[in-house]
Amino acid sequence: MEIDRLQPVVGERVWTGPQLASTPERWTHTLSAAAIDELDTVVARCREQQTPLLDIRYDDYELSALRTTLLDVRRELQDGVGFALLRGLPVERYSLADAAAAYFVIGAFFGEAVSQNAKGHALGHVRDLGVDPTTPTGRGYQSSHKLNFHTDPTDVVGLLCINKARRGGESAIVSAGTVYNAVLAESPELAHVLTQTFYRDRRGEIPAGRDPWYRLPIFNFKDGRLLTNFVRSTIEKAQRFDAVPRLTDAQRAAFELMERHAGSPHHYLKMAFEPGDIQLLNNHYILHSRSAYEDYAEPERRRHLLRLWLACADGPALPSPYFEFMDKTEAGRPNGYLMPGVVLSTPLGVEDGGPGESAQRM
């Protein structure tokens, strides 16, 4: 897009943290007793029938009370502020497998669970596994490090809190539209830079026939909507490849300006997770981050979030560069990291931070 055509974006998706902090009822939704009873029925049936998580379908159950709440959440995700916090899943009395089943049926209302890594994991475990995220293939969610503001490569990301950290680990989110408007107001030239192509590192998770990098702008426009995709670490890591153009001073200055506005307390909203909370974010409209944290010594008390990446049929139309990184689901949405020949699975085992259980599509 030409620099003189860049205009501020408007609408419900453009908000500031202080505005929304004063109205938590706008974005916080609590499961009713009736909805929890319905989820208990789902959990019991899945346990009795040994239903694989990937075979859970929302329409296979009578969930009228739950549906009332989830309809409100879906409106906020796609047409409202772009995020929601769903509270009250009774993880304290569920096993991890039971909590995952309840979580999957909720996720299935919004979209299709897709792969979060080259192993085909459709259920992710956000835990400190001692991974160094500064290495070329390191993934920050497997560490206790601070995570800078970024997006995930899917329509909607969900995080279910099983255990919270001893200290820290707070989530912060910010409207991508608000960040874009602030960058545009301060420097139209740098806003324009962010609409141009950036090379990103695949971090060793390379589909057959693809380069170890892909290309995608940070600020994208389609059908009048601003769509944002930003993971600075993958852009910086791609510099290890000789064939990738070197980052310019203007590009680095644009990153700094974007991160300064995303990290401004005038812009972001903080939220602390409690066990049973589910945070849902539309990655096209929201950037998210996490503070560093200190964990408990006891393994069973350590911080543990279950993550879903959801491809949503009602998501916004995406420009073609999005699909250089990701192939498409049958519904035409980004399918995450799914590699040819890899079967989707939902590990509850130690390799992804769980206590040793496992579930997989048979």
Side-chain angles (χ1 to χ4, degrees), residues 8-36 65-91 103 106-107 109-111 147 149-152 155-161 164 168-185 224-228 230 258-291 305 308 310 312 314-316:
V9 294
V10 297
E12 290 186 78
R13 289 187 288 275
V14 181
W15 48 262
T16 68
Q19 289 172 339
L20 293 188
S22 64
T23 56
E25 65 279 1
R26 167 69 191 276
W27 45 271
T28 304
H29 307 261
T30 301
L31 292 169
S32 66
I36 292 173
L66 180 64
R67 179 180 177 83
T68 298
T69 298
L70 297 188
L71 282 171
D72 289 340
V73 172
R74 184 161 64 188
R75 194 202 77 79
E76 290 297 344
L77 289 175
Q78 299 297 350
D79 300 309
V81 294
F83 74 96
L85 184 66
L86 183 61
R87 312 205 90 151
L89 193 69
V91 296
Y103 187 31
I106 290 171
F109 178 83
F110 302 105
L147 300 183
F149 280 98
H150 66 283
T151 59
D152 289 339
D155 289 322
V156 167
V157 57
L159 292 171
L160 165 61
C161 180
K164 61 181 184 178
E170 282 188 317
S171 172
I173 64 174
V174 67
S175 160
T178 296
V179 173
Y180 165 80
N181 285 348
V183 171
L184 181 62
R225 295 187 182 218
L226 169 68
L227 307 166
T228 301
F230 181 60
M258 183 176 179
E259 290 178 329
R260 174 159 62 80
H261 284 297
S264 167
H266 298 294
H267 292 156
Y268 67 71
L269 173 69
K270 274 191 175 181
M271 61 178 73
F273 294 155
E274 295 296 329
D277 286 353
I278 301 174
Q279 182 194 66
L280 293 154
L281 308 175
N282 189 317
N283 279 297
H284 306 302
Y285 309 135
I286 301 292
L287 297 154
H288 60 281
S289 73
R290 183 198 72 201
S291 65
L305 309 179
L308 285 176
L310 299 170
C312 303
D314 58 348

Colleague: Check whether Thr23 reaches the backbone of Arg26 with its side chain - one donor and one acceptor, N or O, closer than 3.5 Å.
Modeller: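 Such a contact is absent between Thr23 side chain and Arg26 backbone.
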Colleague: For the side chain of Asp155 and the backbone of Gly315, is there at least one donor-acceptor N/O pair under 3.5 Å apart?
Modeller: no
Colleague: Starting at CG of Asn283, measure out to NE2 of His288 and round the result to the nearest 0.5 Å.
Modeller: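 Rounded to the nearest 0.5 Å, the CG-NE2 separation comes out at 6.0 Å.
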Colleague: Where do Leu287 and Phe230 land on the side-chain contact (heavy atoms from CB on, under 4.5 Å) test, with the steps shown first?
Modeller: CA-CA 8 Å; Leu287 297 154; Phe230 181 60; 4.1 Å; yes
Colleague: In Å and rounded to the nearest 0.5 Å, what is the CZ to CG distance from Arg13 to Asp79?
Modeller: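 Going from the CZ atom of Arg13 to the CG atom of Asp79 covers 7.0 Å.
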Colleague: Within this structure, what is the CG-CG distance for the pair Leu31 and Leu70, rounded to the nearest 0.5 Å?
Modeller: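 Those atoms lie 7.5 Å apart.
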Colleague: Quick check: closest heavy atoms across Leu280 and Gly158, and the distance to 0.1 Å?
Modeller: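 Closest approach of Leu280 to Gly158: CD2-CA, 3.8 Å.
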Colleague: Which pair of non-hydrogen atoms, one from Ala172 and one from Tyr268, has the smallest distance, and what is that distance?
Modeller: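 Distance-wise, the nearest heavy atoms are CB-CD1, 4.3 Å.
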Colleague: Short question: side chain of His29, backbone of Thr69 - any donor-acceptor pair under 3.5 Å?
Modeller: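 Such a contact is absent between His29 side chain and Thr69 backbone.
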Colleague: Check Ser291 against Gly169 and note the closest heavy-atom contact, atom names and distance.
Modeller: OG-N, 3.0 Å
Colleague: From Leu305 CG over to Ser171 OG, what is the distance, rounded to the nearest 0.5 angstrom?
Modeller: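 It comes to 9.5 Å.
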Colleague: Any side-chain heavy-atom pair from Val179 and Met258 closer than 4.5 angstrom?
Modeller: yes
Colleague: Of all the heavy-atom pairs spanning Gly263 and Phe149, show the shortest one and how long it is.
Modeller: CA-CE1, 3.8 Å
Colleague: Are side-chain heavy atoms of Phe109 and Arg67 found at a separation under 4.5 Å?
Modeller: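 In short, these two side chains touch, coming nearer than 4.5 Å.
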Colleague: Using every non-hydrogen atom in the two residues, find where Asp277 and Ala272 come nearest and quote the distance to one decimal.
Modeller: OD2-O, 4.0 Å
Colleague: Is the side chain of Thr28 donor-acceptor paired with the backbone N or O of Glu25 at a distance under 3.5 Å, no angle test?
Modeller: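 Checked: no pair found.
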Colleague: What I'd like to find out is whether the side chain of Phe273 reaches to under 4.5 Å of the side chain of Arg290, using heavy atoms alone.
Modeller: no
Colleague: For a side chain to side chain contact (heavy atoms under 4.5 Å, CB included) with Phe110, tell me which candidate from Leu77, Leu308, Asp314, Asn282 qualifies.
Modeller: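 Among Leu77, Leu308, Asp314, Asn282, the one meeting side chain to side chain contact (heavy atoms under 4.5 Å, CB included) with Phe110 is Leu77.
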Colleague: Short question: side chain of Thr30, backbone of Arg87 - any donor-acceptor pair under 3.5 Å?
Modeller: no
Colleague: Calculate, to the nearest 0.5 Å, the distance between atoms CD and NE2 belonging to Gln78 and His284 respectively.
Modeller: 7.5 Å
Colleague: Kindly give the heavy-atom pair with the smallest separation between Ala176 and Leu226, and that separation in Å.
Modeller: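 It is O-CD2, 4.0 Å.
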Colleague: From Ile106 CD1 over to Leu160 CG, what is the distance, rounded to the nearest 0.5 angstrom?
Modeller: 8.0 Å
Colleague: Under a 3.5 Å distance rule, please check whether Trp27 uses its side chain to pair with a backbone N or O of Val81 as donor and acceptor.
Modeller: no
